[in-house]
Amino acid sequence: AEEFRDTFEEIMIDEYQDSNEVQETLLRSISREERGENNIFMVGDVKQSIYRFRLARPELFMKKYDSYSLEESTTQRIDLHKNFRSREEVLTCTNDIFYKIMARSLGNVEYDAEAALYPGASYPVSADFIPEILLADSNDELLEDTELTDKKTLEAKIVAEEIKHLMKTQQVTDKAAGTLRAAHYSDIVILLRSLSGWADSLVEVLNGNGIPAHTVSSTGYFSTVEGQTVLSMLRLLDNPRQDIPMAAVLRSPMAGLTDEELAVLRLEDGSVPFHEAVLELAEGLYEEDGQKEISDSEADRKQGRNADEKTENHIEITAHRKLLKFYKKYRQLRQLVPDTPIHELIEIILRETGYGHYVAAMPAGNRRTANLNMLLEKAAAYEKTSYKGLFHFVRYIDELQKYDVDFGEADMVGENEDVVRIMSIHKSKGLEFPIVIVSGMGKNFNKQDTRSKMVLHPELGIGLDYMDGKKRIKSPTIAKKAIAKQIDLENLGEELRVLYVALTRAKEKLILTGTLKDAAEKLEFYRQQVNLSKAADRPLSYLTREGASGYLDWILPAVLSYGDKYPVRIVEAAELVLDEVENQLEQNENLTERIEEIE
């Protein structure tokens, strides 16, 4: 790499806190660092390093942060303290929380006056911008036998009521005029640690309460019907000896078989796998009648009675007719596989089977079509790599699904649409919103990666369970326990930084929501914990921070240590149930009025 060192006069790196060891090695190899000439300029904020799952090493940033001097030199550190995004109320709350929970011992950053945020933006003076915390008691008897017993639905209901209140009372700064105006739905974003399981509940409840809401699926076309169907067809073209893709395609509009007709195909030969029975039958039908299709009228003639009569014989004939029709298309498509680029093959599949038109005609057809277009784009981009062919593309998709890597569903909502947006905290990084509601704060941290039989750490190595074959027992070794503990601590540091990113997305109003079992008792426990540790003038104890099972175990003790500075409100169950009843009555009245208008 010596010849490259004179090629680049300067190397400028943004988001340096997310660099990993490979990137660091590459950048150092083309810099002049070894010659004593530092020509690298790095920008970053280690408190926003939230990509540990992508092997980001914030330690690289901290090593330079600690060794570089504030004096003018070739290894100079320039601290930037001002925040030009948020109101002072948001920054003060963020500082107050992180003064208490982020330190070198956990998070690898000492949150002090040097690390704190200072306001640099100018906003019109107004009240009602103090951050709030809303808690729902998930153990209230009044919620029994109602849909609000589910934590996600309960919290979604709280968020819906809060948004209704915001739309009536909250003001935000108009970006163009620089003056205050009433809040719009598009000013609001709901952030979640993970969209899985939460986003759908939020959208359903918000829409049910008359609040337009939109989320982009975190799993994209890997979980949408249209994406799965096309991918199943590709898998089948690559290798027809697969039961699940075979059943998926036959049941889809590409072949159009019903559940009863699939059952008939399965019963053709129960001694062999489903795909084998189907292929053998299809080949037989093709050889017997390969040049023509069994028409509906011919099926009726063979049946000898009305086609509407769902007898076993008619279902069998119809199933055979559909299978033969599909198999002819399948044979033609499979002949194209060796010489056709994947994106062109997908286009042909959509055209020849009519599935592209079918998807466009479905509810939310624009978004479904956009998902298929995105699949085409990804296929075209893949073919620009060194890998070619359907076999490699299918394996590539399988690997992405195996490791939960996805491109996300196509976003059809424009920036100017007046809807509440729901997104993950990771997705929000680098963005800003007038009103931010961070939900799911009561959810426990994910610690699955330290509970497996083998744990891995980039520096400490591998930790394994001890297996005693004679006694037929297993137990974790001391090495495994030590490595797992270190991984747990590093994961907690990552969660601290994720929380920091979430809180700093808000420009003007910040609201945190979460469900908590026995909320009033737990709140009192946190108050006593704060009083006992005298945390008002110093960070929370290490054991309190290290023992946190979720964000509320950090947030609540932190804000309570400041007395009544930040409102923490427990939403009463009776209030929620009453609101739900009133909402249902209102919907019934609207429905009655609509029926009367139609009549």
Side-chain angles (χ1 to χ4, degrees), residues 46-50 52 58-59 62 65-66 91-117 131-133 135 193 438 440-447 449-451 457 460 481-504 510 512-568 570:
V46 74
K47 302 187 294 300
Q48 296 190 50
S49 178
I50 59 172
R52 188 167 175 269
E59 294 83 0
M62 290 307 299
Y65 182 86
D66 292 334
L91 298 180
T92 301
C93 178
T94 302
N95 287 335
D96 285 346
I97 290 175
F98 282 92
Y99 281 145
K100 302 297 180 185
I101 63 176
M102 185 177 276
R104 281 279 183 168
S105 55
L106 190 67
N108 204 26
V109 178
E110 192 68 40
Y111 203 93
D112 52 18
E114 290 295 313
L117 299 167
E132 302 175 43
I133 301 172
L135 301 176
R193 179 64 176 87
V438 189
M441 295 284 93
K443 185 181 177 183
N444 288 342
F445 296 137
N446 185 351
K447 297 185 178 181
D449 54 349
T450 59
R451 294 173 181 169
H457 189 273
L460 301 180
K481 287 183 176 181
I483 293 172
K485 184 63 176 178
Q486 182 60 31
I487 293 173
D488 267 337
L489 292 176
E490 291 181 6
N491 284 345
L492 284 174
E494 180 88 346
E495 295 295 347
L496 277 171
R497 296 189 291 270
V498 170
L499 179 62
Y500 178 85
V501 169
L503 269 54
T504 52
L510 175 64
L512 309 179
T513 71
T515 54
L516 198 60
K517 189 175 181 180
D518 300 319
E521 295 178 16
K522 201 68 184 285
L523 215 57
E524 186 58 34
F525 167 77
Y526 286 132
R527 283 196 180 94
Q528 293 177 1
Q529 190 180 44
V530 169
N531 291 335
L532 288 173
S533 65
K534 296 180 181 178
D537 56 355
R538 66 170 185 261
L540 300 176
S541 70
Y542 176 78
L543 289 178
T544 299
R545 291 179 284 123
E546 185 267 339
S549 59
Y551 290 125
L552 289 181
D553 290 335
W554 285 331
I555 294 169
L556 292 177
V559 298
L560 291 172
S561 67
Y562 295 97
D564 297 327
K565 185 175 181 179
Y566 300 104
V568 179
I570 298 175

Just how far is it from atom [atom1] of [X] to atom [atom2] of [Y], taken to the nearest 0.5 Å?
| X | Y | atom1 | atom2 | result |
| --- | --- | --- | --- | --- |
| I133 | L556 | CD1 | CG | 5.5 Å |
| K522 | D553 | NZ | CG | 5.0 Å |
| L496 | N108 | CG | CG | 11.0 Å |
| K100 | N95 | NZ | CG | 12.0 Å |
| F445 | E494 | CZ | CD | 11.5 Å |
| M441 | T515 | CE | OG1 | 11.0 Å |

Which atom names give the shortest non-hydrogen contact between [X] and [Y], and what distance separates them?
| X | Y | result |
| --- | --- | --- |
| V46 | R497 | O-CD, 3.1 Å |
| L492 | R545 | CD1-O, 4.4 Å |
| P131 | P567 | O-CD, 3.5 Å |
| L540 | A558 | CD1-N, 4.1 Å |

Answer yes or no: is there a side-chain heavy-atom contact under 4.5 Å between [X] and [Y]?
| X | Y | result |
| --- | --- | --- |
| K443 | R193 | no |
| N491 | R52 | yes |
| L516 | I570 | no |
| I487 | L460 | no |

- prompt: Any idea how Y111 and F98 line up, ring-wise: parallel (<30°), tilted (30 to 60°), or perpendicular (>60°)?
  reply: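 Aromatic pair Y111/F98 classed tilted.
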
task: Look at the rings of Y566 and Y562 and say which category their plane angle falls in: under 30° parallel, 30 to 60° tilted, over 60° perpendicular.
output: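 Plane angle over 60°, so perpendicular.
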
field: Test log, rule side-chain contact (heavy atoms from CB on, under 4.5 Å), inputs L552 and L135
entry: CA-CA 10 Å; L552 289 181; L135 301 176; 4.0 Å; yes

- prompt: Yes or no on side-chain contact (heavy atoms from CB on, under 4.5 Å) for K565 and T92, after CA distance, side-chain angles and deciding distance?
  reply: CA-CA 11 Å; K565 185 175 181 179; T92 301; 3.7 Å; yes

message: Test your reading of the model: is there a side-chain donor-acceptor pair from D96 to the backbone of Y99, 3.5 Å cut-off?
response: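 Such a contact is absent between D96 side chain and Y99 backbone.
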
- prompt: Are any side-chain N or O atoms of T450 and backbone N or O atoms of K447, one a donor and one an acceptor, separated by less than 3.5 Å?
  reply: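 Side chain of T450 to backbone of K447: a pair is present.
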
Chi angles and distances behind the side-chain contact (heavy atoms from CB on, under 4.5 Å) call for Y500, L117: CA-CA 11 Å; Y500 178 85; L117 299 167; 3.3 Å; yes

Heavy atoms of other groups near D66 CG, more than 12 under 6.0 Å: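 Count over threshold, so yes.
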
- request: Could you walk me through whether T544 and W554 pass the side-chain contact (heavy atoms from CB on, under 4.5 Å) test, one step at a time?
  value: CA-CA 8 Å; T544 299; W554 285 331; over 6 Å; no

